[in-house]
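Single-structure report; data block below.
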Amino acid sequence: MSLLLNPRNIRDFAAVAPYIEGGRSKWGFLCGGPKPTISLKIRGVETPIVIRAQNRADRSVARYVFADQFHLPVSTMPERPIILDLGANIGLTAVHYAALYPEARIVAVEMDAENAALARRNTAHLPGVTVVNAAIWDEAGTVAYDAGASSDAFSASSDALGAARAVNAITLNQLVEDYDLGRIDLLKMDIEHAEERVLARDIEWMGRVRQVNIEVHRASYLQDCVELLARAGFRAVKDSRHWSAVVGVRE
């Protein structure tokens with residue numbers, strides 16, 4: 001077994017351990033293992049999730065989702081909500097939404113192909129979840145990202161250098177049209193710096209949205225985001241649960 005006992009991994013383990021069922025799963029989460037993936041049974045989630053054994057970012061994502069729960073709505077949801085999960089990573093947010101709202105329809109968009117493949121694996125048993133491998137951007141086309149970045153997320157760019165991967169880019173307006181989303185009860189956006197471009201140009205979809213949860217990646221943009229959402233008819237504030245996010249509910 002390959003040990004991953006660095007401070008960050010121990011911190012993630014301490015936060016997530018209360019939500020993991022079974023000692024073997026807890027040990028696998030903490031230390032990794034000889035197999036490529038680890039299966040974890042999470043309390044309240046019917047089917048085990050899968051993370052990559054030697055991927056520290058997957059552990060951080062598990063902490064954000066099951067312990068921190070930054071992605072959850074701040075207002076009541078309908079019985080059969082429609083949820084857009086933008087920046088779905090390995091599908092854990094979609095899994096958690098589906099556990100909380102079993103009748104939900106969830107469209108989960110993830111830019112990285114490897115993450116998207118694991119998201120499909122984690123949500124394969126959930127008929128209400130659709131995983132889309134694409135980048136949310138302010139115009140359709142192709143963008144690139146640094147595949148060598150050491151992070152729990154990747155940032156898209158129209159001119160990325162280095163170990164770059166290309167990916168299809170789609171606008172939110174096009175996504176709404178393609179998946180016939182007449183309404184959106186919750187839009188969660190964590191798209192690693194692309195939010196400013198998207199919110200500056202591609203906002204026709206906002207009229208269909210009841211709640212938003214947007215992670216902001218430049219501190220000085222927080223207030224701009226609050227004001228933009230307020231102009232669009234949301235009661236918007238900085239999220240008290242998160243160091244850099246804005247939540248909004250339509251009046």
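Along the sequence shown, residues carry numbers from 1.
- Contact of the Ile42 side chain with the Leu92 side chain is not registered, since no non-hydrogen atoms from C-beta on lie closer than 4.5 Å.
- A heavy-atom distance below 4.5 Å is found between the side chains of Gln211 and Val74.
- Annotation: Arg24, atom CZ; neighbour count of heavy atoms from other residues, nucleotides and ligands within 6.0 Å does not exceed 12.
- With contacts defined as side-chain heavy-atom distances shorter than 4.5 Å, the pair Val176/Glu204 does not qualify.
- Counting only residues at least two apart or on different chains, the salt bridge (charged side-chain N to carboxylate O under 4.0 Å, His left out) pairs with a member in residues 210-230 are Glu196-Arg218.
- Counting only N and O atoms by type, the side chains of Arg52 and Asn115 include a donor and acceptor under 3.5 Å apart.
- In the hydrophobic cluster analysis, where Ile, Leu, Val, Met, Phe, Trp and Tyr join through side-chain heavy atoms closer than 4.5 angstrom, Val237 is grouped apart from Leu222.
- Contact between His217 and Ser244 at its shortest, heavy atoms only, is N-OG, 4.5 Å.
- Shown here for Gly141 and Asn168, the closest heavy-atom pair between the two residues is O-OD1, 3.3 Å.
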| request: Show the numbers, then the answer: is there a side chain to side chain contact (heavy atoms under 4.5 Å, CB included) between Leu175 and Leu86? | output: CA-CA 11 Å; Leu175 185 74; Leu86 308 178; 4.0 Å; yes

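- At least one side-chain heavy atom of Leu72 sits less than 4.5 Å from a side-chain heavy atom of Leu100.
- The line from NZ of Lys26 to CD1 of Ile38 is 14.0 Å long, rounded to the nearest 0.5 Å.
- The environment of Arg121 atom CZ is sparse: at most 12 non-hydrogen atoms of other residues, nucleotides or ligands sit within 6.0 angstrom.
- Note on Phe70 and Val247: separate hydrophobic clusters, where clusters join Ile, Leu, Val, Met, Phe, Trp and Tyr whose side-chain heavy atoms are under 4.5 Å apart, directly or indirectly.
- Under the side-chain contact (heavy atoms from CB on, under 4.5 Å) criterion, Val226 pairs with Gln223, Ala236, Val246, sequence neighbours left out.
- In this structure, Leu172 is a member of the same hydrophobic cluster as Phe234, with clusters built from ILVMFWY side-chain heavy atoms closer than 4.5 Å.
- Residues Arg59 and Asp12 are not paired through a salt bridge, judged by the lack of any N-O separation under 4.0 Å between the basic side chain and the carboxylate.
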Distance-only check: which donor-acceptor pairs under 3.5 Å involve side-chain atoms of residues 180-188, not counting sequence neighbours?
{"residue": "Arg183", "atom": "NE", "partner": "Asp185", "partner atom": "OD1", "Å": "3.2"}
{"residue": "Arg183", "atom": "NE", "partner": "Asp185", "partner atom": "OD2", "Å": "3.0"}
{"residue": "Arg183", "atom": "NH2", "partner": "Arg80", "partner atom": "O", "Å": "2.9"}
{"residue": "Arg183", "atom": "NH2", "partner": "Asp185", "partner atom": "OD2", "Å": "3.0"}
{"residue": "Asp185", "atom": "OD2", "partner": "Ile82", "partner atom": "N", "Å": "2.8"}
{"residue": "Lys188", "atom": "NZ", "partner": "Asp85", "partner atom": "OD1", "Å": "2.7"}
{"residue": "Lys188", "atom": "NZ", "partner": "Gly87", "partner atom": "O", "Å": "2.7"}

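- Counting all heavy atoms, side chain and backbone alike, Ser25 lies closest to Ser39 at OG-O, 3.4 Å.
- Of all heavy-atom pairs spanning Ala169 and Trp137, the tightest one is CB-CB, 3.8 Å.
- Judged as a side-chain contact (heavy atoms from CB on, under 4.5 Å), and not counting sequence neighbours, Pro102 has no contacts.
- Considering only heavy atoms from C-beta on, His71 stays 4.5 Å or farther from Ile83 through its side chain.
- Not counting sequence neighbours, His125 has no partner by the ring-ring contact (aromatic ring centres under 6.0 Å, His included) test.
- Atoms CZ and CG, from Arg231 and Leu228 in turn, are 5.0 Å apart once rounded to the nearest 0.5 Å.
- Both Val132 and Met189 are assigned to one and the same hydrophobic cluster, defined by single-linkage of ILVMFWY side chains at heavy-atom distances under 4.5 Å.
- Applying the ring-ring contact (aromatic ring centres under 6.0 Å, His included) rule to Tyr221 yields no partners; only residues at least two apart in sequence or on another chain are considered.
- Linking Ile, Leu, Val, Met, Phe, Trp and Tyr whenever their side-chain heavy atoms come within less than 4.5 Å puts Tyr101 and Ile106 in one cluster.
- The side-chain heavy atoms of Ile136 and Ile170, taken from C-beta on, include a pair separated by under 4.5 Å.
- Atom CD1 of residue Ile49 and atom CD1 of residue Ile20 lie 7.5 Å apart, to the nearest 0.5 angstrom.
- Between Tyr19 and Ala67, the shortest heavy-atom distance links the atoms CE1-CA, 3.8 Å.
- Asn213 is not listed as a side-chain neighbour of His242, based on a closest heavy-atom distance of 4.5 Å or more.
- Arg241 is not listed as a side-chain neighbour of Gln69, based on a closest heavy-atom distance of 4.5 Å or more.
- With values rounded to the nearest 0.5 angstrom, Thr142 atom OG1 is found 15.5 Å from Arg165 atom CZ.
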